[in-house]
Number of protein chains: 2
Amino acid sequence: MTVVTWQSGCSACHLRAFGLCQAVQDSRGAACLQSVRHPARFYPPGRTVFAQGSQNVPLHNVLSGWLFSYQLLPDGRRQILQFLLPGDIAGLEPEGAAGITHGLETLSEAVLCAIPRDGFHRLCARCPAVTERCRWMMARDVTLLFERLATLGRRMARERVVHLLMELAVRSSRTTQFADGTRLRMPLTQPIMADALGLTAIHINRVLRELRHEGVLELNHKTLTILDSETLTRLGGFPEGLLELWTQPLPPEQPTQSHATPRRA
Amino acid sequence: MTVVTWQSGCSACHLRAFGLCQAVQDSRGAACLQSVRHPARFYPPGRTVFAQGSQNVPLHNVLSGWLFSYQLLPDGRRQILQFLLPGDIAGLEPEGAAGITHGLETLSEAVLCAIPRDGFHRLCARCPAVTERCRWMMARDVTLLFERLATLGRRMARERVVHLLMELAVRSSRTTQFADGTRLRMPLTQPIMADALGLTAIHINRVLRELRHEGVLELNHKTLTILDSETLTRLGGFPEGLLELWTQPLPPEQPTQSHATPRRA
DNA sequence: CGCCAGGTTGAGGGACCTCAAGAGACGTGG
DNA sequence: CCACGTCTCTTGAGGTCCCTCAACCTGGCG
């Protein structure tokens, strides 16, 4: 999160190699993106970026920081839907008659780059690579939503906790290095984990205590320490190769390499 | 599910006004789609279309019938991820090193139209409308996945059951009419509902008994009878306008419109 | 007719919740 | 600097929702 990124154009952005911006590497695309996006904006922790029910919500490209999207039930129950890390995008979902069905809030300090919906559609029309990249990112996110469904529907509390921490550790390692191979910044609170995992903060606490006493991991002062990665991998139960979708800057499945229309099929 | 649809080309398909095919209404697009797709294929109930871990899975366009996608945990626990109805598409998600992370299975008799991945990418390159339509459908599906996350994480068993039945009733009413305003074909078994809702079939049964005794609904012989729609709407708790995303054949958000929006910091 | 998957009901248990209370961490203002 | 409030973390005790196990019934199908 440098000051350069903060105020200057896309060409100096440290995220150009990640996320959506990866699709606008050429100068024409970068200029087009820069013409439709808003300047990057800083948010303090715990700030609502947009609330559930908002109308005409712009897309939000995460330049730095952690955020989460959530859905509120009428009686106040909250379900956290996804965690957003640098390179992710929020607000792609269509809005119903009652506006967008989820809200977005910061976990840590964050810098976001907003793109209005109509401007984004212009960008997509000009740069097919953006549409393609966007579709790929959404498909990738859906595989993670599937994992999350399996977590909420069919995993025990301790599996849920481990699964979430493993996912976030791998995803965050794309842009943030481990401090010393085992320690990693993890700006989660136990109430947040509870709302993400369908549990209560009290039970999260008990599970973390067990894992700590068993020497598997430690989580305090917003820092995760991995002590027994083998047990963690077993408890988490990720499909092989799934999390690598986040660590590879380029999608393994190259859809179209050239702008020229391919030869007759 | 007529024989005409079954054997002939896209131009005679009754689903041309729905789903992905809506984006290829012109003759050039239809010809392009027809050149990359496989012939429609019939599947009996309970048949696996593709298994979790398959490689290079083609897209599957649902022409008729009900299906579900699922994810298996190593010890055999199963989570149903989504139900697919006519007009939906399966297999869009990217594959990791261990293949696709979910499987697909039929609930009822079904007719599917397969599209190989490379052919689909050629189609997308030729018809930008397909890419756009595909992205919109995925975003729409994500809103439903969000609802499902809230269901699994934060709703009681009876809310889960009602929520699922309401969702499927509205979605299926797009292509299938209610028999008499209250009765609807619903080819679900209680074990299937259990794996979709993170419960056991036994508990599903008890919840359905309660709802039946309270005069809210009945579900037997694969037929849903709605008796108290007000209670159902209250228990289900859908955001206003969300389910209409499935009943409207055209997306309400037209991407080509570009109006000036206030640009505020 | 026999088989088998699904539906139905009961009894007991376990995973997690609710309520309650105190300790620690952090920012704010005096 | 400390007082103070708020949020988070932590632990205990009791309760509840849902699961597990078991049994029997029903309906479709060879």
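The analysis underlying the following values was restricted to heavy atoms, covering all of them including side chains, and did not include hydrogens, waters or symmetry mates. Protein chains get the first letters and strands the later ones, always in sequence-line order, with residue 1 at the start of each.
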*Do the side chains of E147(B) and Q71(A) get nearer than 4.5 Å, heavy atoms only?*
yes

*Value in whole Å for how far the P atom of dG6(C) lies from CE of M193(B)*: 14 Å

_Nucleotide dC9(D), atom P - distance to CG of N220(A) in whole Å_ = 10 Å

*Roughly how many Å is it from CZ in R77(A) to C1' in dC17(D), rounded to a whole number?*
13 Å

_Whole-Å distance separating the CG atom of D195(A) from the P atom of dT8(D)_ = 11 Å

_Rounded to whole Å, please give me the gap between NZ in K222(A) and C1' in dT8(D)._
8 Å

*Is the H60(A) ring parallel, tilted or perpendicular to the F50(A) ring (thresholds 30°, 60°)?*
parallel

*asked:* Does a side-chain N or O of Q190(B) approach OP1 or OP2 of dT8(C) to a distance below 4.0 Å, or not?
replied: yes

*Interatomic distance, Q82(B) atom CD to E167(B) atom CD [nearest 0.5 angstrom]*: 10.0 Å

*Under 3.5 Å, is there a donor-acceptor pair between the side chain of R154(B) and the main chain of L199(A)?*
yes

*Rounded off to whole Å, could you give me the CG-to-P distance for the N205(B) and dC25(D) pair?*
16 Å

*Taking five pairs at each end, how big is the angle between the two axes of the helix from dC1(C)-dG30(D) to dG30(C)-dC1(D), to 10°?*
40°

*Rounded to whole angstrom units, what separation is found between the CD atom of E210(B) and the P atom of dG10(C)?*
12 Å

Contacts under 3.5 Å, N or O only, protein and nucleotides 18-21 of chain D:
from, atom 1, to, atom 2, distance (Å)
dC18(D), OP1, A157(B), N, 2.9
dC18(D), OP2, H203(B), NE2, 3.3
dC18(D), O5', H203(B), NE2, 3.4
dC19(D), OP1, T200(B), N, 3.1
dC19(D), OP2, T200(B), N, 3.3
dC19(D), OP2, T200(B), OG1, 2.9

*Starting from P on dC17(D), measure out to CD on E159(B) and report it in whole angstrom.*
12 Å

*Below 6.0 angstrom between ring centroids: does that apply to H102(B) and Y70(B)?*
no

*Under 3.5 Å donor-acceptor, R160(B) side chain and G236(B) backbone*: no

*Quick one: does R148(A)'s side chain have a donor or acceptor within less than 3.5 Å of a partner on L81(A)'s backbone?*
yes

*Between D88(B) and L85(B), is there a donor-acceptor pair closer than 3.5 Å when you use the side chain of the first and the backbone of the second?*
yes

*Okay, side chain of E95(A), backbone of N56(A): is any donor-acceptor separation there less than 3.5 Å?*
yes

